[in-house]
Structures are given as C-alpha cells and as structure tokens.
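Below is one structure, written out as structure tokens, with a few remarks after it.
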Amino acid sequence: MIDFTYSSYTAFYLYLVMLLVQWAVATFSKAKQPNAIPGKIDENLSHDSFVFRAHRTFQNTLENSALFVGTVLLAFLLNVQSPVFAICVWVYLAARVVHMVLYYVISTEKNPSPRTYFFLIGLLANVVMLVMLGLRLI
C-alpha cells in the first residue's frame with residue numbers, strides 16, 4: 001500500500017526544490033545582463049525578455065506559495081493521510097511545474113495565456129485541499 005503521507009511529503013519537498021530552481025534561474029539570468037543592479041529589474045522589460053519571464057515566474061510562485069504552504073503544513077500538523085489529499089498535492093506541483101515551463105518558453109502578452117489554465121488547475125487543487133481540511137476540522 002502507498003504511504004500517502006510520505007507521498008505528500010515528497011511532493012512538498014519537490015515544490016521547495018522547484019522554488020529554489022526558479023530563484024536560481026531568475027537570479028542568474030538577470031545577473032548575466034549588462035549593467036545588472038542587484039535586487040532591481042529593468043522596468044522597461046516585458047514578456048519578450050527571458051529575464052522578465054524568469055523574474056515573473058519566481059514572483060508568481062512566491063505570490064501563490066503562502067496558500068499552498070499553509071494548506072500543506074496544516075494538513076501535516078493534522079496528520080492528514082488521504083489519497084485524495086496526496087493526489088491534490090501532486091496535481092498542484094505538476095500544474096506549477098507546467099506553469100513555470102510555459103512562462104519560460106512562451107513570450108505572450110495575451111490574456112489568458114496558456115499558463116493561466118495551469119494556474120487554475122493548481123488553484124483548484126489547493127481549494128480542494130482547503131475544503132478537505134475544513135471538513136476535517138468540523
């Protein structure tokens with residue numbers, strides 16, 4: 001039988017690794033630019049610049065991390081051992097990885113962009129996890 005708690009831990013660990021990778025890509029792609037200033041991105045950059053997309057990918061993940069990290073840590077504290085919860089954690093991770101890859105390779109100002117659908121998949125997975133936790137607390 002699959003250990004669903006361990007599976008969730010593994011997906012959460014991989015999420016943190018993904019976050020580290022995004023930080024490194026954003027930091028080093030910007031640092032290689034001529035006249036790069038630490039901590040500051042050129043405000044004239046847009047989606048046609050990989051530096052901009054790498055920076056926005058990392059920032060977008062940071063913006064969405066609080067809800068995901070909080071949800072998963074609360075589940076760990078409550079000792080949630082649900083296959084549905086574990087699947088949701090993996091779905092969230094997969095959606096964020098695809099979102100990241102699409103942000104890196106697609107230069108578009110179009111809204112919604114293809115990455116939007118993967119953002120929504122991740123959001124839905126997070127909402128399902130939150131509902132599961134809410135039901136458990138009732």
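- A chain of hydrophobic side-chain contacts below 4.5 Å, direct or via other Ile, Leu, Val, Met, Phe, Trp or Tyr residues, connects L93 to V69.
- A pairwise comparison of heavy atoms in V72 and V89 identifies CG2-CG2, 4.3 Å as the closest pair.
- Annotation for S29 and V51: closest pair O-CG2, 3.6 Å, computed over non-hydrogen atoms.
- Between the side chains of N60 and R96, at least one donor-acceptor pair of N or O atoms lies under 3.5 Å.
- Looking at S82 and F4, their side chains never come closer than 4.5 Å, going by heavy atoms from C-beta outward.
- Taking CG of L74 as the start and CG of L137 as the end, the distance is 6.0 Å to the nearest 0.5 Å.
- For Y104 and F50, the ring centers are positioned less than 6.0 Å apart.
- The shortest non-hydrogen separation linking L45 to I41 is CD1-CG1, 3.9 Å.
- Linking ILVMFWY side-chain heavy atoms closer than 4.5 Å, directly or via other members, places V127 and I121 in two distinct hydrophobic clusters.
- Ring orientation note: the planes of Y92 and F68 are close to parallel, at an angle under 30° on the 30°/60° scale.
- In the hydrophobic clustering of this structure, V80 groups with Y13; members are Ile, Leu, Val, Met, Phe, Trp, Tyr whose side-chain heavy atoms approach within less than 4.5 Å, directly or through other members.
- Taking each heavy atom of V25 and A54 in turn, the nearest pair found is CG1-CB, 3.9 Å.
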Begin from the C-alpha positions of T61 and M18 and carry the test side chain to side chain contact (heavy atoms under 4.5 Å, CB included) through to its verdict.
CA-CA 9 Å; T61 298; M18 179 196 73; 4.0 Å; yes
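- Neither side chain, Q22 nor T57, offers a donor N or O lying under 3.5 Å from an acceptor on the other.
- Ring geometry, H99 versus F119: the interplanar angle falls from 30° to 60°, so the pair is classed tilted.
- Between N79 and R136, the shortest heavy-atom distance links the atoms O-NH1, 3.7 Å.
- Side-chain atoms of F58 and T27, non-hydrogen and from C-beta on, never get closer than 4.5 Å to each other.
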Set out, in order, the CA-CA distance, both residues' side-chain angles and the distance that settles side chain to side chain contact (heavy atoms under 4.5 Å, CB included) for M132 and V84, then state yes or no.
CA-CA 9 Å; M132 289 178 69; V84 174; 3.7 Å; yes
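- With a 4.5 Å cut-off on side-chain heavy atoms, H55 and K30 do not count as touching.
- The CZ atom of F52 sits 10.5 Å away from the CD atom of Q59 when rounded to the nearest 0.5 Å.
- Pairing each heavy atom of V128 with each of C88, the nearest pair is CG1-SG, 3.5 Å.
- In this structure, T108 OG1 and L102 CG are separated by 11.0 Å, a value rounded to the nearest 0.5 Å.
- Atom CD of E63 sits in a crowded spot, with more than 12 heavy atoms from other residues, nucleotides or ligands closer than 6.0 Å.
- For the pair L123 and N64, the minimum side-chain heavy-atom distance is 4.5 Å or more.
- Counting non-hydrogen atoms of neighbouring residues, nucleotides and ligands closer than 6.0 angstrom, the OH atom of Y6 reaches no more than 12 such neighbours.
- Linking ILVMFWY side-chain heavy atoms closer than 4.5 Å, directly or via other members, places L16 and F85 in a single hydrophobic cluster.
- Linking ILVMFWY side-chain heavy atoms closer than 4.5 Å, directly or via other members, places V101 and L120 in two distinct hydrophobic clusters.
- T116 contributes a side-chain N or O that, together with a main-chain N or O of S113, makes up a donor-acceptor pair within less than 3.5 Å.
- Between the side chain of W90 and the backbone N or O of S7 there is at least one donor-acceptor pair closer than 3.5 Å.
- A cation-pi contact, defined as under 6.0 Å to the ring centre and within 45° of the axis, links R115 to Y103.
- Listed for the S46 side chain is no donor-acceptor partner under 3.5 Å among the backbone atoms of D48.
- Here the side chains of L19 and L62 are in contact, with some heavy-atom distance below 4.5 Å.
- Annotation: side chain of L67 is in contact with side chain of L130 (closest heavy-atom distance under 4.5 Å).
- For the pair P114/I106, a side-chain contact is recorded, criterion being any heavy-atom separation below 4.5 Å from C-beta on.
- Between the CG atom in L14 and the CG atom in L20 there is a gap of 12.0 Å [rounded to 0.5 Å].
- Defined by atom type and a distance below 3.5 Å, a donor-acceptor pair is present between the side-chain atoms of Y15 and S65.
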